Amino acid sequence: MTFLHPVALVGLVAAAIPALLHLLERRVPPEAEFPPLRYLSEAERQSARRLKLRHLLLLILRTAVIVLIVLAAARPLFPTQASGGSLHEPTALAVILDNSASSGLVVDGRLVLDRLRAVARGSLARAAASDRLWLVLADGVARAGTPEALVATVDSAGVSARRLDLTAAVRAAARLVDAEPLPAREVHVVSDLQRTALGPGRAAVPRGVRVLALAPPSQAPANRGVGAVRVTDAAATVGIVGTPGEGGGAASVTLRIRGREVGHALGAPGSTATITLPPLGAGWWVGEAVLDADELRADDRRLLVWRVAPPARVATPSSTGGGPFVAAALAVLEEGRRVRPGNEIAIGDRPEAGTLVSIVIPPAEPALIGQANRALAARGGRLRFASEGTPGPIAGPALPAIAGLQVARRYRIEPSAGGGGPGTRSDSGVLATVNGEPWLVRDGSILLLGSRLDTAWTALPAVPAFVPFVDALVNRLARGEAPITEVEGSAGVEFRTRGADTIGAIVSGLDPRESDLTPASPALVHDVLGADVLDEAAFAAARFAGAGRRDGSGLLLLLALLIALAELGVATRTR
């Protein structure tokens with residue numbers, strides 16, 4: 001039990017007044033012995049005992065009346081499990097309303113966000129003037145305010161394109177309320193509790209902070225969404241994400257370029273769909289991958305942007321030592337108008353003077369490695385061919401089509417004397433590796449390959465992916481790709497320009513993790529967030545339960561009145 005006005009308890013000192021009065025009234029009268037009245041002594045002693053008992057009862061009743069009145073003035077608060085109509089101690093409360101993209105799911109004709117808003121509104125509406133309140137939405141910003149202002153914010157909150165990391169949000173909210181010098185501290189998590197929304201680590205909720213989480217549906221609805229989309233030189237690879245389950249099988253994916261449908265494919269959650277691109281002219285292209293509509297519309301469409309460069313002008317490989325396989329691949333590409341003769345790019349065992357970019361492969365003879373390294377240094381290269389490396393498979397995201405192909409012979413690529421390692425310059429970077437060591441590296445205007453493009457060195461020239469690899473090498477990697485950045489947000493494309501030139505693009509879209517609607521188990525939520533997972537009824541009853549109190553002053557005043565009536569009856573009878 002606690003008191004709203006503990007200072008009033010000083011009035012308990014007044015409870016001593018009846019006892020003092022009782023003591024002052026105890027006067028011993030003088031005694032006179034009258035023989036004729038001796039027979040009355042026994043009756044007097046019996047009457048005195050009855051009077052003492054009545055006086056003692058009056059003392060107790062009067063003291064109880066004063067104590068009860070003083071306690072009622074102090075406004076005692078008794079713990080209670082009921083939420084309706086009860087008061088509570090001043091509480092620091094942070095309400096986390098997860099209005100991320102997954103809250104746009106429609107269940108039984110109603111948005112999930114509508115349900116979440118109603119629960120969050122209930123928590124804020126029950127707050128008192130003595131409480132400190134914050135509201136956290138999917139943007140992670142803690143908004144302080146009055147109950148009325150924060151309820152208005154909840155009502156106006158729509159489905160956001162941002163993803164909320166619940167672990168980070170609970171961690172920040174718990175620290176926020178823990179810093180307040182109030183008797184009670186709570187965090188209310190109002191979310192669909194996606195398993196993917198629980199970030200790494202634990203929330204590490206401070207001792208004394210109570211976390212309540214609204215229970216999600218027991219079964220996750222099936223959902224499909226468009227994930228990452230990658231455009232290579234001849235096709236678009238569309239990742240399909242979502243929640244496996246009934247109704248979550250393969251769905252039709254449509255690729256549109258500038259509003260025109262150019263291809264279709266089938267894909268299920270966890271798979272990819274590849275759609276061949278039609279021949280496109282040079283320039284920037286914007287398209288979209290679209291799935292059949294389902295109950296979560298926000299992830300059924302994703303924009304993509306890519307740049308088609310004009311055909312590369314490549315020097316004749318016979319004059320630069322590129323080898324017969326490279327010459328054959330370039331002939332195929334020239335016939336398909338993917339390259340044309342010129343001096344923009346050269347492929348050979350040494351940098352070629354007069355070209356903008358040189359793709360350098362190791363010489364066929366080991367004795368010529370030193371000569372190749374000197375030519376690289378003269379061109380300003382910071383890397384060189386070192387000792388021979390061990391065989392292994394090719395790996396690297398820049399060229400997924402050749403990943404896993406075996407390399408039988410290669411040279412290690414290492415920094416030259418006084419040069420930095422791969423990737424130490426802004427125009428440098430490792431594009432592919434073998435056994436974790438650089439195999440294809442950009443070094444300014446030079447691309448170094450650790451192997452010759454010959455079947456004695458690698459299986460690459462013998463596979464169908466070789467011609468697309470050479471295409472990517474000369475048209476995309478050697479010339480440098482215009483940077484395309486992906487950010488989280490509402491679907492859109494923003495081009496970056498420098499003067500009249502477009503030098504890059506920013507594509508915004510949903511985080512693919514929002515498409516997986518699988519809910520976290522109560523045990524996982526308790527372990528990561530330190531929260532009690534409750535259904536709507538239990539959640540409503542548990543609000544402020546850690547500080548829930550009911551005012552007992554009325555009951556005490558009623559009891560004081562009854563005792564006062566009893567005291568009046570006893571006093572009247574005594575007289």
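Hydrogens, waters and symmetry mates are skipped; everything else that's a heavy atom, side chains included, is used. This is a predicted model, so every value here is computed, not measured.
The salt bridge (Lys or Arg N to Asp or Glu O under 4.0 Å) search around Arg175 returns none, not counting sequence neighbours. For the side-chain hydrogen bond (donor to acceptor under 3.5 Å, both in side chains) test, residues two or more places apart in sequence or in another chain that qualify with Thr518 are Asp516. Looking at residues two or more places apart in sequence or on another chain, you find no side-chain hydrogen bond (donor to acceptor under 3.5 Å, both in side chains) involving Asp535. Legend: residues meeting side chain to side chain contact (heavy atoms under 4.5 Å, CB included) with Pro393, ordered by chain and number and at least two apart, are Gln406, Asn435. For Arg496, the side-chain hydrogen bond (donor to acceptor under 3.5 Å, both in side chains) test picks out no residue, with sequence neighbours left out. Taking Ser387 as the reference, Arg412 meet the side-chain hydrogen bond (donor to acceptor under 3.5 Å, both in side chains) condition, with sequence neighbours excluded. Scored by the salt bridge (Lys or Arg N to Asp or Glu O under 4.0 Å) test, Arg302 finds no partners at all (sequence neighbours excluded). With sequence neighbours excluded, the residues that form a side chain to side chain contact (heavy atoms under 4.5 Å, CB included) with Thr153 are Leu135, Leu137, Arg143.
Residues Asp131 and Phe544 form a side-chain contact, since some pair of their non-hydrogen atoms from C-beta on lies under 4.5 Å apart.
Contact record, Tyr411 with Ala386: CD2-O, 3.2 Å, taken as the closest heavy-atom pair. Summarising the geometry of Arg171 relative to Ala203, their closest heavy-atom pair is CG-O, 3.3 Å, with the distance given to 0.1 Å. Contact between Val229 and Glu486 at its shortest, heavy atoms only, is O-OE2, 4.2 Å.
Judged by distance alone, with hydrogens and angles left aside, the side-chain atoms of Ser451 form no donor-acceptor pair with the main-chain N or O of Leu449 at under 3.5 Å.
Each side chain to side chain donor-acceptor pair (under 3.5 Å) pair with one or both residues in residues 503-514, not counting sequence neighbours, appears once here: Ser100-Glu514, Ser102-Glu514, Asp511-Arg513. The list of ring pair (Phe, Tyr, Trp, His ring centres under 6.0 Å) pairs with a residue in residues 95-122, not counting sequence neighbours, is empty. Screening residues 192-202 for salt bridge (Lys or Arg N to Asp or Glu O under 4.0 Å), with sequence neighbours left out, gives Arg202-Asp527.
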Side-chain donor-acceptor contacts of residues 112-124 below 3.5 Å, not counting sequence neighbours, with atom names and distances?
unit_1	atom_1	unit_2	atom_2	d
Asp114	OD1	Arg117	NH2	2.5
Arg115	NE	Glu536	OE2	2.8
Arg115	NH2	Ala215	O	3.1
Arg117	NH1	Ala157	O	2.5
Arg121	NE	Asp155	OD1	2.8
Arg121	NH2	Asp155	OD1	2.8
Ser123	OG	His188	ND1	2.9
Ser123	OG	Arg543	NE	2.9

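Heavy-atom neighbours of Arg258 CZ from other residues, nucleotides or ligands within 6.0 Å: above the threshold of 12.
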For this session: Could you check His264 against Val253 for side chain to side chain contact (heavy atoms under 4.5 Å, CB included), going step by step and ending with a plain yes or no?
Result: CA-CA 6 Å; His264 302 270; Val253 186; over 6 Å; no

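The existence of a salt bridge linking Asp178 and Arg185 is confirmed by a sub-4.0 Å separation between a basic side-chain nitrogen and an acidic carboxylate oxygen.
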